Undergrad: 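Here it is, the structure in full.
When a ligand or atom number is given, it counts from 1 through the structure's own listing order. Since we're looking at a predicted model, the values are computed, not measured.
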Amino acid sequence: MPRFTSRFIDSMPGDPLQDARPRQVQGALWSKVQPTPVSAPRLVAYSKEVVQLLGLDEETLRSPEFVRVLAGNALWPGMVPYAANYGGHQFGNWAGQLGDGRAIVLGELLAPDGQQYELQLKGAGRTPYSRRGDGRAVLRSSIREFLCSEAMHHLGVPTTRALSLVATGDEVIRDMFYDGHPEAEPGAIVCRVAPSFLRFGNFELCTSREDMGLLKQLADYTLKHFFPELGAPGKDTYAAFFREVARRTARLMAHWQAVGFVHGVMNTDNMSILGLTIDYGPYGWLEDFDPGWTPNTTDAMEHRYRYGNQPNIGLWNVERLGVALLPLLEDQEALVEEGLVEYQRTFSAELSGRFAAKLGLSSLEGQADVALVNECFAWLAAHETDMTIFFRGLSQVVTLPEAPRELPRPVRDAFYGPVQEAHGARVLEWLATWWQRTRREAAPPAELARRMDAVNPRYVMRNWLAQEAIDAAHQGDDSKVHALLEVMRRPYEEQPGREAYAAKRPDWARSKPGCSALSCSS
Ligand code: AMP
Ligand code: MG
C-alpha cells in the first residue's frame, strides 16, 4: 500500500479554516479541503508509465478502492487534501488571488526514482478558491489534458503528468462559448502528477500583499526541496534561483516552438516554477504553420498567446516572477535584469539548436544558416503548410542523391490546398539550398535522416484527433482515447497501420469548435 506524506502543508503556513466557502486567504499558502464525492466513478484511462513512475501497480490502480480515491470519494492512508493559494497576471493584468479553484492535492508519494511526487485531482469539487466556479471539470477538457500531458512527456517536453482519467457519472453545466447556451456535459477528474505544482503566481501573491515573511518561507521551501544544488537561502541564492527558473522557462518555450505546441493561456498562474508545461486548457497544436494562431477564443481579439508570441510572453512572465522576488533580492533590479538576459540568451541558443536539429544540422553556423531558417519560417507561413508533416518529411529529402529539382512528395504532402507556381519555386529553391547545406555536415545523409526523425515527431496530439476521441467518448466509446494514448507513447517512431493519426487536418475540422477554436470553459 503506498504511503502518502504532505511536506508542503506540514512545513508551510496554512489557512485555519477548513471549509470550501469562497474567501480571501491571507498569510497562508494553502487551505485544507475535502474533495466532494461523485455519483458513479468509472476509470476511463490511465497512464501505465505514470503508474510505474510512482511505484504503483496496475492492479491496485484499477481496484474499486483506488478508483474511489482517484474520484475524490475516498482517501488513502496519509492523504491530507488541500488547495494551494496563488495569484496571477491574467492576459497582462494582475488578477489578485486565484488559487486552486478546482484542483485538490491529495498528498505526496516517494517514488522508486527517489523523487517525491504530488498527486492532484483536477475537478474534485469546490475549494475556498473556487470563486463562482463549481470546482468541476468536463470530460472533454479532461480527455484533452490527460492525453496531451502524456503525449508531451513522450515527445520529451517537460510537463506535469497524468495518472488517470475518471468519469464522475455527474453532469456539469457549461456555456462552452459564453453565448448564453449552457448545456449539461459529463464530468470527469484527472489525477495530475508532478514534483510540485508551484507556479509563478504563488510567489506573486505573497509580494502583492507585502507578506515578505511568507514569500521567504515559500522561496526557502522551494530552494530546499527543488533546487538544493543552489545552496543555502540568501540574496545570491535567490538570484541564482531566479536565473535557473528563467533558463528552464526559456528552454520550455524553445521546446514548445519546436514541436508546434500553443499553450493558449500563459497567465502567470499557469507558469510552473519547475519549468514544466502545466494547465492544459485551450491549448492546440499548429497544423498549418501560422505564427499568429491561438486556439483560445477568449484571446481572439488580441492573440496575446499566439504561437509566435509565446517566447515574448515567457519573458514577460519571468519578469513578473523577478519583480515578485525583488524583496528577496534586496531590491536589486540588476539581479532581475540578469535573469531576463539569461532567459534571452538561453532561448536563442535553445531555439537555434532545436531548429538546426530539425533541419539535420549540428548547429547554425553564421548568417547564412540563420537566413536559411528564417526563410523556412517565412515560406511556411506564406502558404498553409502542415508543420509536423513538413519537418518529418525532410528526412526523406535529405537522403536524395542530389538536390531536388522538383518538389518532393513528402513536401507536397505537407501543403493544404493547391500551391501557386511562384510559391512552389520559392520552396524548391529553399530545399535545394538546404540540401546543399546538409552536405557540409560530417555525418552521412542516412545518419542525418535518423537524427532528424528523432527530433521531428511523426505523431502529435492534433486538435481534431483529440476531438474525435471526445466525440466518441460522449457516445460511450472510450476506445479512441485508449488508441490515442497508445499512439502518442512513441511519437518519433513510424507505426505501421497508424498513418491516419499522422494525417493532415481534415476539412471538417478547419473551423469546428474543439479543433481550431477552444474556449476556457472547461
Ligand atoms: P485557468 O485559466 O484554467 O488556469 O483557471 C484560472 C483560475 O480559475 C484558477 O484559479 C482555477 O482554479 C479557476 N477555475 C477554473 N475553472 C474553475 C471551476 N470550474 N471551478 C472553480 N474554479 C475554477
Ligand atoms: Mg490554471
Undergrad: Side chains of Y86 and T268: donor-acceptor distance under 3.5 Å anywhere?
TA: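 Side-chain D/A pair, Y86 to T268: absent.
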Undergrad: I would like to know whether Y459 and Y492 meet ring pair (Phe, Tyr, Trp, His ring centres under 6.0 Å); could you show each step before the answer?
TA: CA-CA 7 Å; Y459 304 97; Y492 297 104; 10.0 Å; no
Undergrad: Strictly under 2.8 Å of the Mg ion (ligand 2): which protein N/O/S atoms qualify?
TA: N270 OD1, D279 OD2
Undergrad: Can you establish whether the number of heavy atoms outside Q52 located under 6.0 Å from its atom CD is more than 12?
TA: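 No, the 6.0 Å shell around CD holds no more than 12 heavy atoms from other groups.
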Undergrad: Identify, chain by chain and in numerical order, each protein residue with a heavy atom under 4.0 Å from an atom of ligand 1.
TA: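 Shell around ligand 1 (4.0 Å, heavy atoms): Q90, L98, G99, D100, G101, R102, S130, R131, G133, D134, G135, R136, R174, D269, N270, D279.
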Undergrad: Applying side-chain hydrogen bond (donor to acceptor under 3.5 Å, both in side chains), run through E65 and W76 and close with a yes or a no.
TA: CA-CA 9 Å; E65 302 82 66; W76 211 259; over 6 Å; no
Undergrad: Are Y46 and F146 an aromatic pair by the rule of ring centers under 6.0 Å?
TA: no
Undergrad: So, taking the atom named CZ in R144 and the one named CG in N463, what distance separates them when rounded to the nearest 0.5 Å?
TA: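 The CG atom of N463 is 6.5 Å from CZ of R144, to the nearest 0.5 Å.
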Undergrad: Can you tell me how far the CG atom of L335 sits from the CG atom of L328, to the nearest 0.5 Å?
TA: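 Between atom CG of L335 and atom CG of L328 there are 11.5 Å.
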Undergrad: List the steps, then state whether ring pair (Phe, Tyr, Trp, His ring centres under 6.0 Å) holds for Y221 with H225.
TA: CA-CA 6 Å; Y221 176 90; H225 294 292; 4.4 Å; yes
Undergrad: Show, in sequence, the C-alpha distance, side-chain angles and deciding distance for Y82 and T127, and conclude whether the side chain to side chain contact (heavy atoms under 4.5 Å, CB included) test is met.
TA: CA-CA 9 Å; Y82 72 92; T127 79; over 6 Å; no
